[in-house]
2 protein chains.
Amino acid sequence: MKENYKVIIVDDHQLFADGMVRILADEDDFEVIGICNNSTELYHMLNNHKPDLIMLDIQMGGTNGLELCYDLKKTMPQIKVILISMFESINVVNEGKNSGANGYIPKTTDAALVKKSIREVMEGRDIFIKPINPETKVDLEGGSYAFLLSKREREIILYIKKGFTSKATAEELNISQFTVDTHRKNILKKLKLNSLKELISYAYENNL
Amino acid sequence: MKENYKVIIVDDHQLFADGMVRILADEDDFEVIGICNNSTELYHMLNNHKPDLIMLDIQMGGTNGLELCYDLKKTMPQIKVILISMFESINVVNEGKNSGANGYIPKTTDAALVKKSIREVMEGRDIFIKPINPETKVDLEGGSYAFLLSKREREIILYIKKGFTSKATAEELNISQFTVDTHRKNILKKLKLNSLKELISYAYENNL
DNA sequence: ATAAAAATACCTAAAACTTGGTATTGTTAT
DNA sequence: ATAACAATACCAAGTTTTAGGTATTTTTAT
């Protein structure tokens with residue numbers, strides 16, 4: 001008889017999670033024991049349930065899935081983690097590896113490959129997809145480069161959303177106005193935006 | 001006996017589409033007759049298959065789902081279209097309406113709501129969710145002066161949210177930059193705000 | 001018809017943002 | 001150890017916004 005792997009799905013897109021449940025329900029060696037929409041829900045659930053595997057979306061509003069994975073692996077290394085993401089760039093895959101995950105699956109893969117990947121991981125082999133075309137500049141369209149942001153940069157964004165000038169932000173954080181300006185510049189560059197106004201809209205539309 | 005609605009799912013994330021198929025397979029009044037990962041595949045499929053409904057993701061690599069919806073509705077208005085998106089901002093929902101779609105569902109909704117929405121749409125009622133942004137404080141009594149805004153002022157706000165300078169907005173609307181500046185000033189005054197940045201946040205938090 | 005509101009247009013000075021740099025000090029990953 | 005990233009700080013020129021106005025024309029409602 002086959003193993004019965006207990007799986008928790010973590011994704012802020014409930015619809016995607018609902019779909020995943022049904023995909024895994026096709027097989028009788030998986031059992032989804034829970035769905036969480038954010039890290040808080042996950043930690044809550046982990047108090048009462050011990051999964052064998054966590055399927056973790058790395059872009060969730062307000063939560064950085066990579067950091068979450070890192071924390072999970074630090075305290076519960078025995079739980080396997082497969083990251084799910086709409087990014088396929090080699091950079092993100094590498095960040096995924098560094099966060100301690102056992103696998104990385106882009107959302108462009110299909111149901112069959114997911115099932116195969118889970119079995120691979122549960123049998124002890126990490127699976128990190130080779131980006132199909134490393135030359136291709138990953139064009140995210142609706143996607144978000146927000147995961148590229150550092151902690152301080154996310155903090156700066158909060159002040160921008162509140163309408164703080166760089167001077168006011170600098171005073172609040174006890175750093176130089178020049179530093180705030182540099183952070184702002186770097187944020188715009190990373191997110192490929194042209195102004196703070198675009199940034200604010202971006203922040204709201206991407207739950208930053 | 002219930003209707004048997006023929007559905008095509010269009011999403012570049014195969015995994016999401018695979019999940020949707022299984023969600024719809026729960027019910028016997030839906031039948032997924034195809035999955036497409038882009039507009040080309042969709043048009044191909046439409047040569048041989050006539051669906052009752054198309055579930056259309058609006059963010060697909062290389063394809064603008066909104067434009068696709070607009071084109072579809074122009075040539076095949078009898079086919080219902082429900083847009084799916086990870087955005088919940090009022091902007092995008094409105095753009096969805098303008099593209100001729102019959103409904104708009106964010107990916108944060110769950111399987112049950114999707115099924116309900118499909119039935120609503122197939123029975124002739126359009127469904128456009130009122131997005132509830134967790135950050136949004138629904139506090140109409142409390143001090144939203146937004147009702148004071150004129151039509152033109154609301155229009156100006158849309159350009160501000162898109163990051164347009166007053167000069168660029170003026171060119172777009174064929175009016176003087178001074179006029180745009182005056183509108184901006186009046187908007188800030190009416191809403192008791194101090195900067196365009198605050199205005200943008202206000203706009204998102206009050207579904208403007 | 002007429003008052004109120006909306007939309008238009010103009011002026012100026014100060015403050016803030018944008019852009020294109022350079023550069024040092026820590027920390028992290030390989 | 002050494003490359004890459006994060007956080008810090010600085011400079012300058014040009015653009016945009018902000019805040020104080022005034023003022024005319026068009027639309028809307030009573």
Side-chain angles (χ1 to χ4, degrees), chain A residues 64 66-67 69-71 73-74 89-101 128 145-203, chain B residues 145-203:
Chain A
N64 183 336
L66 290 169
E67 282 178 23
C69 175
Y70 186 77
D71 285 344
K73 277 297 186 176
K74 215 159 44 179
S89 84
I90 189 75
N91 278 341
V92 186
V93 176
N94 282 337
E95 288 195 48
K97 272 185 196 165
N98 296 338
S99 73
F128 286 88
Y145 290 91
F147 67 92
L148 290 169
L149 297 173
S150 72
K151 214 168 190 174
R152 193 57 143 180
E153 286 164 348
R154 285 172 198 276
E155 197 178 3
I156 297 287
I157 290 178
L158 297 182
Y159 287 98
I160 294 170
K161 285 171 74 175
K162 285 194 281 185
F164 277 52
T165 63
S166 57
K167 193 179 158 196
T169 308
E171 280 165 13
E172 194 75 10
L173 297 175
N174 285 312
I175 55 177
S176 158
Q177 184 179 331
F178 294 120
T179 305
V180 177
D181 283 336
T182 303
H183 282 311
R184 287 174 166 204
K185 207 168 15 174
N186 291 337
I187 291 166
L188 294 182
K189 202 173 175 186
K190 283 185 181 178
L191 301 180
K192 299 186 191 299
L193 300 171
N194 299 307
S195 70
L196 294 191
K197 281 178 285 169
E198 283 179 42
L199 170 60
I200 296 173
S201 289
Y202 181 94
Chain B
Y145 294 89
F147 66 92
L148 291 170
L149 297 173
S150 72
K151 209 172 190 176
R152 193 57 142 178
E153 285 165 348
R154 285 170 197 277
E155 196 179 4
I156 298 287
I157 291 177
L158 296 182
Y159 287 98
I160 293 170
K161 286 171 75 175
K162 285 195 282 186
F164 278 52
T165 63
S166 55
K167 193 178 158 197
T169 307
E171 280 165 13
E172 194 74 9
L173 297 175
N174 286 312
I175 55 179
S176 159
Q177 183 179 331
F178 293 120
T179 305
V180 177
D181 283 336
T182 303
H183 283 311
R184 287 174 166 205
K185 206 167 16 173
N186 292 336
I187 292 167
L188 294 183
K189 204 174 174 185
K190 282 184 180 178
L191 301 181
K192 299 184 189 303
L193 300 171
N194 299 308
S195 69
L196 294 191
K197 280 178 286 169
E198 283 180 41
L199 170 61
I200 296 173
S201 289
Y202 180 94

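Below, all heavy atoms of this structure are taken into account, side chains as well, without hydrogens, waters or symmetry copies. Chain identifiers are assigned alphabetically (A, B, ...) following the order of the sequence lines, protein sequences preceding nucleic acid strands; residue numbering begins at 1 within each chain.
- One interatomic measurement links the two molecules: CD of B:Glu171 to P of D:dT15, which rounds to 14 Å at whole-angstrom precision.
- Between B:Lys197 and D:dT18, a side-chain N or O to OP1/OP2 separation shorter than 4.0 Å is absent.
- Distances shown here put a side-chain N or O of A:Ser166 below 4.0 Å from the OP1 or OP2 atom of C:dC17.
- Side chains of A:Ile157 and A:Glu153 form no contact here, defined as non-hydrogen atoms less than 4.5 Å apart.
- For the pair A:Lys151 NZ and C:dT28 P, the interatomic distance rounds to 11 Å; values are reported in whole Å.
- Closest approach to the A:Ile175 side chain among C:dA9, C:dA7, D:dA9 is made by D:dA9 (side chain taken as heavy atoms from C-beta onward).
- Applying the 4.0 Å criterion to OP1 and OP2 of D:dT8, one finds that A:His183 has a side-chain N or O inside that range.
- At least one side-chain nitrogen or oxygen of B:Arg184 sits closer than 4.0 Å to the OP1 or OP2 atom of D:dT17.
- Ranking C:dA7, C:dT18, D:dC10 by closeness to the A:Ser195 side chain, first place goes to C:dT18.
- Formation of a donor-acceptor pair under 3.5 Å by the A:Ser166 side chain with backbone atoms of A:Asp181 is not found in this model.
- Counting any heavy atom pair closer than 4.0 Å across all strands shown, A:Asn186 reaches no nucleic acid atom.
- Distance B:Leu173 CG to C:dA9 C1': 15 Å, rounded to the nearest Å.
- In this structure, A:Tyr159 atom OH and C:dC17 atom P are separated by 15 Å, rounded to whole Å.
- Between A:Ile156 atom CD1 and D:dT8 atom P there is a gap of 7 Å when expressed in whole angstrom units.
- Atom CZ in A:Arg184 sits 13.5 Å away from atom CG in A:Leu193 (nearest 0.5 Å).
- The side chain of A:Ser150 has D:dA7 as its nearest neighbour among D:dA7, D:dA9, C:dA6.
- Spacing between atom CZ of A:Arg152 and atom C1' of D:dA6 amounts to 11 Å, rounded to whole angstrom units.
- Comparing D:dA7, D:dT17, D:dA9 against the side chain of B:Leu196 picks out D:dT17 as the nearest.
- Considering only heavy atoms from C-beta on, A:Leu149 comes within 4.5 Å of A:Leu191 through its side chain.
- Spacing between atom NZ of B:Lys185 and atom C1' of C:dT8 amounts to 13 Å, rounded to whole angstrom units.
- Among the nucleotides D:dT16, C:dT8, D:dT18, the one closest to any side-chain atom of B:Lys167 is D:dT16.
- Counting atom types as modelled, A:Lys189 pairs no side-chain N or O with a base atom of C:dG20 as donor and acceptor under 3.5 Å.
- Distance alone, capped at 3.5 Å, places no donor-acceptor pair between the A:Lys73 side chain and the A:Ala101 backbone.
- Contact annotation: B:Lys190 side-chain N/O to C:dA6 OP1/OP2 distance is under 4.0 Å.
- Atoms CG (B:Asn194) and P (C:dA16) sit 12 Å apart, rounded to a whole Å.
- Using a 4.5 Å heavy-atom cutoff, the side chains of A:Leu173 and A:Tyr159 are in contact.
- Between B:Ser176 and the phosphate of C:dC10, there is a side-chain N or O to OP1/OP2 separation shorter than 4.0 Å.
- Side-chain atoms of B:Thr182 and base atoms of C:dC10 include a donor and an acceptor less than 3.5 Å apart.
- Among D:dT17, D:dA9, C:dA16, the nucleotide with an atom closest to any side-chain atom of A:Thr165 is C:dA16.
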